[in-house]
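Values below: every heavy atom of this structure, side chains too, minus hydrogens, waters and symmetry copies. Residues: numbered from 1 along the sequence shown.
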Amino acid sequence: MTRWNELRELTRARVLVFIRYPETLFWVLMFPLLLATVLGYAFRAAEPAPSKVAVVAAEDQPGQAAEALHARLAAAERIELGYVDIDTGRRQVRKAALDVLVVPPAAPGAAPELILDPQREEAETARLRVLLALGEGPPEVRVSHQTEAGSRYIDFLFPGLLGANLMGTGMWLIGFTVAELRQKKLLKRMLVTPMRRSSFLLSFMLSRLCFFVFEMAALVTFGALVLDVPFRAGVLGFGLLCLFGATVFAGLGMMATARARTIQGASGLLNVFMMPMWLLSGVFFSYERFPEALHPILRVLPLSALNDGLRALMIDGVGLAAIGPELAILAAWCAVSFAVALRFFRWE
């Protein structure tokens, strides 16, 4: 056999092996096209995004100074405006849900104050738009930068990265392992052994939990020492929340790959579960920037609940009772994911 015939037959064999699995064809060929279509639509050329600005005042009884500022800003282009109290406004600036917080002057003739995070480009754009809208009003505008620990963008971002790390390592580690065992026919051999199926699946979760303590300790220590991210949570409460998160994403990884026959198919399924949470669960910016009608749906995503809980514990220093709703959401996802995985798990 000549080299050309040899190479042709080997190539033909590899192509036939590849097309034997329909999910491989879909996730390798179609999923990138679908993802490119969605992202292309989301980031298509459009008008500049409006800046989110709020004036400090009681929503039911804003003062004259607040009303005057609100009226002038409302007439400007590309500014989304509202009223908030000072504490809520500062918290929303920290969460990147608000670009600029405008504090009315305390006395006639005094200058209003703009509170923003100088590390965010959107905040600088919003500051310029606010100054342009105020025009020839106050003689000057005071600008205050939120730079103290706990109020910066990095303080909002870091807990989100912790949550995303728990999701990624939990789902990829378990999902890939299950798919590899199934592809190598090892699961079929294990099926004939005297073991409970539930014990086999739970062993994946417990093995994941053996590593997450060291993983979280290293990341939190780095954040506190290098990035000066505050850690105001109780150790036990923080550990319990991370345990919930690691368990949930171990279950989701098991559920996502319950029937995947190849590693390529498992990769696509895991991306389907993880990509929406990366974009919608407030890892890099608050999900409050999405339309308000979506907020109830986004809040019950497992990564959203985990990130909200981590930020409340680490930054705000609240107790476990304050994040009860988030823990309930994670518990529900944990129960559902393992129940579905047990019901539909493919052993062959």
Side-chain angles (χ1 to χ4, degrees), residues 49-63 65-67 69-70 73-74 76 78-104 112-131 133-134 141-161 163 229-230 232 279-301 303-318 322-323 325-326:
S51 298
K52 293 185 177 292
V53 179
V55 178
V56 173
E59 290 193 24
D60 53 347
Q61 293 180 340
E67 287 183 336
L69 283 173
H70 190 280
L73 292 172
R78 299 192 179 98
I79 291 182
E80 290 185 4
L81 198 57
Y83 287 114
V84 293
D85 61 80
I86 185 66
D87 293 332
T88 301
R90 286 185 177 275
R91 185 166 59 251
Q92 290 184 344
V93 169
R94 186 191 71 214
K95 294 166 57 179
L98 197 63
D99 297 321
V100 169
L101 179 65
V102 182
V103 182
E113 180 183 7
L114 307 184
I115 299 176
L116 55 94
D117 184 347
Q119 298 178 357
R120 298 183 59 241
E121 293 182 5
E122 296 89 343
E124 178 62 19
T125 301
R127 182 185 72 85
L128 296 175
R129 287 174 175 171
V130 169
L131 293 178
L134 294 180
V141 175
R142 294 181 295 123
V143 178
S144 297
H145 293 166
Q146 287 199 160
T147 57
E148 63 271 15
S151 63
R152 305 164 300 167
Y153 175 63
I154 185 61
D155 303 321
F156 170 84
L157 175 64
F158 190 76
L161 294 179
V229 176
R232 297 163 181 160
L279 298 175
L280 304 175
S281 290
V283 176
F284 303 103
F285 54 88
S286 175
Y287 55 74
E288 294 178 6
R289 298 187 72 93
F290 290 100
E292 190 172 354
L294 296 178
H295 293 178
I297 300 173
L298 300 182
R299 287 193 184 98
V300 298
L301 293 176
L303 185 57
S304 298
L306 178 60
N307 287 344
D308 288 346
L310 288 172
R311 290 180 178 119
L313 291 180
M314 293 180 60
I315 308 303
D316 299 331
V318 303
I323 60 169
E326 287 79 11

Test Phe156 against Ile315 for side chain to side chain contact (heavy atoms under 4.5 Å, CB included), laying out the working first. CA-CA 8 Å; Phe156 170 84; Ile315 308 303; over 6 Å; no
Shortest non-hydrogen contact from Leu306 to Gly163? CD2-CA, 3.7 Å
Residue list, side-chain contact (heavy atoms from CB on, under 4.5 Å) with Ile86, at least two apart or on another chain: Val56, Arg90, Leu101, Val103, Ile115
Please report the shortest heavy-atom distance between Glu80 and Pro50, naming the atom on each side. OE2-CG, 3.3 Å
Partner set under side-chain contact (heavy atoms from CB on, under 4.5 Å) for Ser304, not counting sequence neighbours: Ser281, Tyr287, Leu301
Where Ala54 and Val84 come nearest, the two heavy atoms and their spacing: CB-CG2, 3.6 Å
What residues, two or more places apart in sequence or in another chain, satisfy salt bridge (Lys or Arg N to Asp or Glu O under 4.0 Å) together with Arg120? Asp99, Glu122
Residue pair Arg232, Met314: steps toward the side chain to side chain contact (heavy atoms under 4.5 Å, CB included) verdict: CA-CA 5 Å; Arg232 297 163 181 160; Met314 293 180 60; over 6 Å; no
Side chain Asp316, main chain Val318, donor-acceptor under 3.5 Å: no
If you look at every heavy atom in Val130 and Leu114, which pair is closest and at what distance? CG1-CD2, 3.9 Å
Kindly compute the distance separating CG (Leu134) from CG (Leu73), expressed to the nearest 0.5 Å. 5.5 Å
Report the C-alpha separation of Glu67 and Tyr83 in whole Å, then their side-chain angles, then the decisive distance to 0.1 Å, and conclude whether the side chain to side chain contact (heavy atoms under 4.5 Å, CB included) test is met. CA-CA 10 Å; Glu67 287 183 336; Tyr83 287 114; 3.9 Å; yes
Pick out which of Asp308, Leu280, Val283 makes a side chain to side chain contact (heavy atoms under 4.5 Å, CB included) with Leu303. Val283
Heavy-atom nearest pair, Arg311 first then Pro159, reads CG-CB, 3.6 Å
Closest non-hydrogen atom pair, Ala293 against Pro296: O-CD, 3.5 Å
Intermediate values then yes/no, side chain to side chain contact (heavy atoms under 4.5 Å, CB included), Glu124 and Glu121: CA-CA 5 Å; Glu124 178 62 19; Glu121 293 182 5; 5.8 Å; no
